[in-house]
Amino acid sequence: MIQIHNSLTGRKQPLVPIEPGHVRMYSCGVTVYDYFHVGNARMLVVFDMVSRWLRHGGLRVTYVRNITDVDDKIINRARDAGVDWRDHAKKFTAAMHEDLDRLGCLRPEKEPKASEYIDEMLVMIGQLVARGYAYQASNGDVMYDVRKFGPYGRLSGRKLDDLRAGARVEVDEAKRDPLDFVLWKSAKPGEPAWPSAWGEGRPGWHIECSAMSTKELGEHFDIHGGGLDLKFPHHENEIAQTCGASDAKFAEIWMHNGFLNIDNEKMSKSLGNFFTTREVLAKIKHPEVLRFFLLSSHYRGPMNYSVDQLTQSEAALNRLYTALRDVSAVGDEHVYSPTAATQAFQAAMDDDFNTPEAIAVLQGLARDLNTARTIPADGHKARLLAGELRALGGALGLLQLPPEDWFRCGVGAASGLSDAEIEARIAARKAAKQARNFPESDRIRDELAAGGVILEDKPGGVTTWRRS
RNA sequence: GGCUAGGUGGCAGAAUGGUUAUGCAGCGGCCUGCAAAGCCGUCUACGCCGGUUCGAUUCCGACCCUAGCCUCCA
């Protein structure tokens, strides 16, 4: 039984799908106004991991992750670039898909775009107005009246009065309460606008997720997720909207991933201390390094981004792929008999997706595998362990490359020596070694090392290599 | 000010009321022409102060510190 920490209650609870055997989950994706940053990548990888693990357990999963393609930032960026906002959003949607594919994130069942759900949003706003939860303010905007929604603040554990005591609330004469938020913004010249009962305008940010999740998953579904920064006010507002419009039960479990920090400060676009996923991918050996890094600490905790951390992740993957090297090339790697490792892995993942613990299990498995492969009689055992390691890694979206591909890619792969040149150097070294001309063979090895190629002599005169 | 999450060994990062996390780094050994990789062994912990307990890093309370939210943000 999978236990999940529910942000709504602050406790773990068993996942009992509303519809037996079928989990419906929604996560708030990104706003496509620029390349997404590594902090966004964390959320995207985390919920990809969640959906994978649920499927791994035999559940049918309908995963919906939205794309916000109508928003102030997009409109502003498009205007600055002198292009239509739709084209701007399309460009960065395509870029997002490229980067996500490289990170090994599977496509969700559905990726609704806000601009395609305007009608649904207007229906929901209409329901909110009709039921007295929303009003049209003097400036034409349609506002949500938070005082009317009793449970407001439940998710974030706040009371309206506490929030007001914060004092830094904006002054907006049009609002009945400073925390009232916009459902529908009245049109301004030059901005995208749609006709509505409240005049031409465009949606506020929060309403899109209520409309899209309801349309695609229904009013009552299993998991709703996103970054911790969306807990308040975005998710709080979503609850107010969806539940206000129809007495919906909405999401059973709310999941929030922690921040990716840099220098122990939150990485965010407004602070300017961020790296785009694209930049990071260009600097590392393989996108799997970033995926591994993002899964190497528990999803709810904070984690710190640093080059050193990425290097450690790369080293960890080197170790795992080294264990798989050569062994996995033999036999059917999908056939294996689960050992205690599979059980431990499953227990870790079932306990609120404890990926660091699960990764530790993989590392223990790698040790057993390394031991088995040094014993000739254990060849079969080694193959089974390799199969198990790959299968478990696959549950996290890791370790799916042929090991040789992993070792041959690297920062020097494009600019340095070609594979053929390396092989030629190795042959020359082998000749020198056979002539017991060790100074020469060592010179060749050092030369290759300087070019980022590390040699490893194996029994039987075989030399393998890898790029550092 | 209100609310939330944390403080674990050189670094990263889990579990756990008494017993090895795991990886990297260090040290010793095996293997190797020497390396690399691997294997074996090994050293560095549990913010501070009280309490509960036969026993607490683990439970309870106070305190200190850090980060985050309270304004767009994964």
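By convention in this document, chain letters (A, B, ...) are assigned in the order of the sequence lines, proteins followed by strands, and residues within each chain are numbered from 1.
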Defining pairs by Watson-Crick or G-U wobble geometry with both distances under 3.5 Å, how would you list the stems of RNA chain B with at least three pairs each? B:1-7 with B:64-70, B:10-12 with B:22-24, B:26-30 with B:38-42, B:49-51 with B:59-61

Please state whether the base of B:rA35 and the side chain of A:Arg445 form at least one donor-acceptor pair under 3.5 Å? yes

Salt bridge (Lys or Arg N to Asp or Glu O under 4.0 Å) against A:Glu279, all qualifying residues, sequence neighbours excluded: none

Please list, chain by chain and in numerical order, all residues satisfying ring-ring contact (aromatic ring centres under 6.0 Å, His included) with A:His56, sequence neighbours excluded. A:Trp53

Please check the phosphate of B:rC39 (OP1 and OP2 only) for any side-chain N or O of A:Asn370 closer than 4.0 Å. yes

Report which part of the nucleic acid A:Lys433 touches: base, sugar-phosphate, or nothing (heavy-atom distance under 4.0 Å, all strands). base

Nearest-Å distance for atom pair CH2/P, residues A:Trp465 and B:rA37: 17 Å

Which one, B:rA37, B:rC39, B:rA67, comes nearest to the side chain of A:Thr322? B:rA37

Which residues satisfy the side chain to side chain donor-acceptor pair (under 3.5 Å) test with A:Asn437, sequence neighbours excluded? none

Can you identify which nucleotide, out of B:rC11, B:rA35, B:rA74, has its nearest atom closest to the A:Asp308 side chain? B:rC11

Answer yes when A:Arg147 and A:Asp180 have at least one side-chain N-carboxylate O distance shorter than 4.0 Å, and no when they do not. no

Ordered by number, residues from residues 423-432 of chain A within less than 4.0 Å of RNA chain B (heavy atoms) are A:Arg429

Output the rounded distance in Å from CD1 (A:Ile375) to C1' (B:rG38). 12 Å

When the P atoms of B:rA56 and B:rG51 are considered, how many whole Å apart are they? 11 Å

Aromatic ring proximity A:Phe275/A:His37, centre distance under 6.0 Å: no

Base of B:rC70 paired with side chain of A:Asp229 (donor-acceptor, under 3.5 Å): no

For this output row, return yes or no: ring centroids of A:Tyr33 and A:His88 closer than 6.0 angstrom. no

For B:rG33, is there a stacking contact with A:Phe438, counting only centres under 5.5 Å and planes under 30°? yes

Can you give one letter per nucleotide of nucleotides 13-22 of chain B, 5' to 3': B if a protein heavy atom sits under 4.0 Å from the base, S if only from the sugar-phosphate, - if neither? SSS-----BS

Can you check whether A:Tyr35 and A:Phe92 have ring centres sitting under 6.0 Å from each other? yes

With a 4.0 Å cutoff (strictly under), does any side-chain N or O of A:Lys231 reach OP1 or OP2 of B:rG68? no

Between B:rC60 and B:rU53 - P atom distance, rounded Å: 16 Å

